Amino acid sequence: MTEDEIIADPLATIRNHLFTAVIGDVMDVMGHQNQFLPPQIRPLDPKFQLVGRAMPVVEADVTEPSAPGAPQFGLMFEALDDLKPGEIYICSGSHNDYALWGELMTHRARHLQANGAVLAGYVRDTDGILAQEFPVFCTGSYAQDQGPRGTVTDFRCPIVFSNGTRVAPGDILVGDRDGVLVIPQEIEAQVLVRSYEKVMGESKVRTAILDGMSTAEAYRTFGIM
């Protein structure tokens with residue numbers, strides 16, 4: 001692929017040729033060394049793969065509950081309904097003691113042609129989510145509802161995760177069983193070109209090792225390992 005072909009459709013390039021480890025290595029070399037979300041955020045199904053544009057959502061804990069049983073979802077419905085095709089609902093900001101996503105939210109996101117959801121917290125209705133084969137990445141499953149405990153305060157704004165990783169609207173998110181990383185929109189073309197070149201180089205290294213070359217010699221020869 002030429003550079004123009006690589007960057008013409010960034011999501012397709014990632015989906016067809018790249019993966020988190022190689023992209024992360026490239027961004028490390030470029031000086032962007034805090035681009036992975038916390039390692040506790042995992043795919044609900046290990047087979048899930050995630051590629052799309054970030055639609056960040058701010059979740060906050062409810063500090064002054066209203067009447068017993070009264071939900072305080074805040075702007076959650078507005079945020080969910082604002083998803084565009086190819087986007088990923090990505091949420092952070094609350095304590096990790098209630099579910100931030102469920103089956104009905106998955107139905108709505110799929111209808112809007114979103115590409116997935118990433119939650120710094122739990123999900124519930126796990127069987128209902130898995131049945132839809134919609135890529136959801138989270139810290140686990142836990143049925144306690146966010147209704148009286150959490151509220152969405154803003155969306156389509158930058159958010160920061162517990163490890164300091166920043167996600168801005170439109171950044172590319174890439175996820176697989178090895179984690180979720182963020183490619184800042186302003187450097188995505190350079191990252192994708194370098195990542196594709198690294199993948200092609202790793203193919204040469206793999207072939208050389210299978211042919212009997214030592215790892216030390218392979219690294220001296222190709223500068224990749």
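Remember, it's a predicted structure, so these values are computed and weren't measured experimentally. Numbering of residues begins at 1 and proceeds along the displayed sequence.
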Main-chain N/O of Asp145 paired with Arg149 side-chain donor or acceptor, under 3.5 Å: yes
Spacing of CG belonging to Leu83 relative to CE belonging to Met105, to within rounding of 0.5 Å: 8.5 Å
N/O donor-acceptor pair under 3.5 Å between Glu59 side chain and Thr151 backbone: yes
Trp101 vs Tyr89, ring-ring contact (aromatic ring centres under 6.0 Å, His included): CA-CA, chis, key distance, verdict: CA-CA 10 Å; Trp101 189 267; Tyr89 183 106; 5.0 Å; yes
Check ion pair Arg156-Glu78 (N to O, under 4.0 angstrom): no
Ile41 vs Leu119 side-chain heavy atoms within contact, under 4.5 Å: no
Candidate pair Val57 and Ile159, rule side-chain contact (heavy atoms from CB on, under 4.5 Å), full reasoning: CA-CA 7 Å; Val57 177; Ile159 59 176; over 6 Å; no
Donor-acceptor pair, side chain of Asp61 and main chain of Gly150, under 3.5 angstrom: no
Rounded distance [0.5 Å steps], CG in Asn16 versus CG in Asp9: 8.5 Å
OG-CZ distance between Ser214 and Arg220, expressed to the nearest 0.5 angstrom: 6.0 Å
Polar side-chain atom of Asp82 near backbone of Ala79 as donor-acceptor pair, under 3.5 Å: no
Leu112 side chain near Lys84 side chain, heavy-atom distance below 4.5 Å: no
hydrophobic_cluster_shared for Tyr122 and Leu100, side chain cutoff 4.5 Å: no
Trace of the side-chain contact (heavy atoms from CB on, under 4.5 Å) decision for Gln113 with Glu87: CA-CA 8 Å; Gln113 301 179 50; Glu87 289 189 330; over 6 Å; no
Residue His95 excluded, over 12 heavy atoms near NE2 under 6.0 Å: no
Backbone N/O of His32 and side chain of Gln35: donor-acceptor pair under 3.5 Å: no
Of Val180, Val118, Leu50, the residue whose pairing with Ile90 passes side chain to side chain contact (heavy atoms under 4.5 Å, CB included): Val118
Rounded distance (nearest 0.5 Å) linking atom CG of Asp125 with atom CD of Gln132: 9.5 Å
Hydrophobic cluster identity match, Val174 and Met30, side-chain contacts under 4.5 Å: yes
Over all atoms of both residues, closest heavy-atom pair of Pro158 and Arg166: CG-NH2, 3.3 Å
Joint cluster assignment, Tyr142 & Leu130, ILVMFWY side-chain distance < 4.5 Å: no
Asn115 and Arg15, any side-chain heavy atoms less than 4.5 Å apart: yes
Side chain Gln33, main chain Asp28, donor-acceptor under 3.5 Å: yes
Side-chain (Tyr196) to main-chain (Met1) donor-acceptor, under 3.5 angstrom: yes
Nearest heavy-atom neighbours spanning Pro10 and Leu192: CB-CD1, 3.5 Å
Close side-chain approach of Leu80 and Phe77, heavy atoms under 4.5 Å: no
Test item: Ile172 and Leu11 side chains (from C-beta on) under 4.5 Å apart, heavy atoms: yes
Distance (rounded to the nearest 0.5 Å) between Cys138 SG and Arg42 CZ: 11.0 Å
Side-chain heavy atoms of His17 within contact of Val199, under 4.5 Å: no
Nearest heavy atoms of Asn34 and Thr165, plus distance in Å: O-OG1, 3.2 Å
Exam field: side chain Thr13 to backbone Ile6, donor-acceptor pair closer than 3.5 Å: yes
Same cluster (ILVMFWY, side-chain, under 4.5 Å), Val160 and Val167: no
Heavy-atom check, side chain of Val123 versus side chain of Leu44, under 4.5 Å: yes
Other residues, nucleotides, ligands: >12 heavy atoms within 6.0 Å of Gln144 CD: yes
Salt bridge (Lys or Arg N to Asp or Glu O under 4.0 Å) against Arg53, all qualifying residues, sequence neighbours excluded: Glu188
Shortest non-hydrogen contact between Leu37 and Asn163, atoms and distance: C-ND2, 3.7 Å
Arg108 side chain reached by Leu104 side chain, heavy atoms, under 4.5 Å: no
Residue pair Val136 / Phe48: nearest heavy atoms and the distance that separates them: N-CD1, 3.6 Å
Where Ala168 and Asp171 come nearest, the two heavy atoms and their spacing: N-OD2, 2.8 Å
Gap separating the OH atom of Tyr98 from the CD atom of Gln146, nearest 0.5 angstrom: 6.5 Å
Check against side-chain contact (heavy atoms from CB on, under 4.5 Å), Arg177 and Gln49: CA-CA 8 Å; Arg177 68 175 65 199; Gln49 293 184 318; over 6 Å; no
Test item: Ser94 side-chain N/O and Ala60 main-chain N/O as donor-acceptor pair under 3.5 Å: no
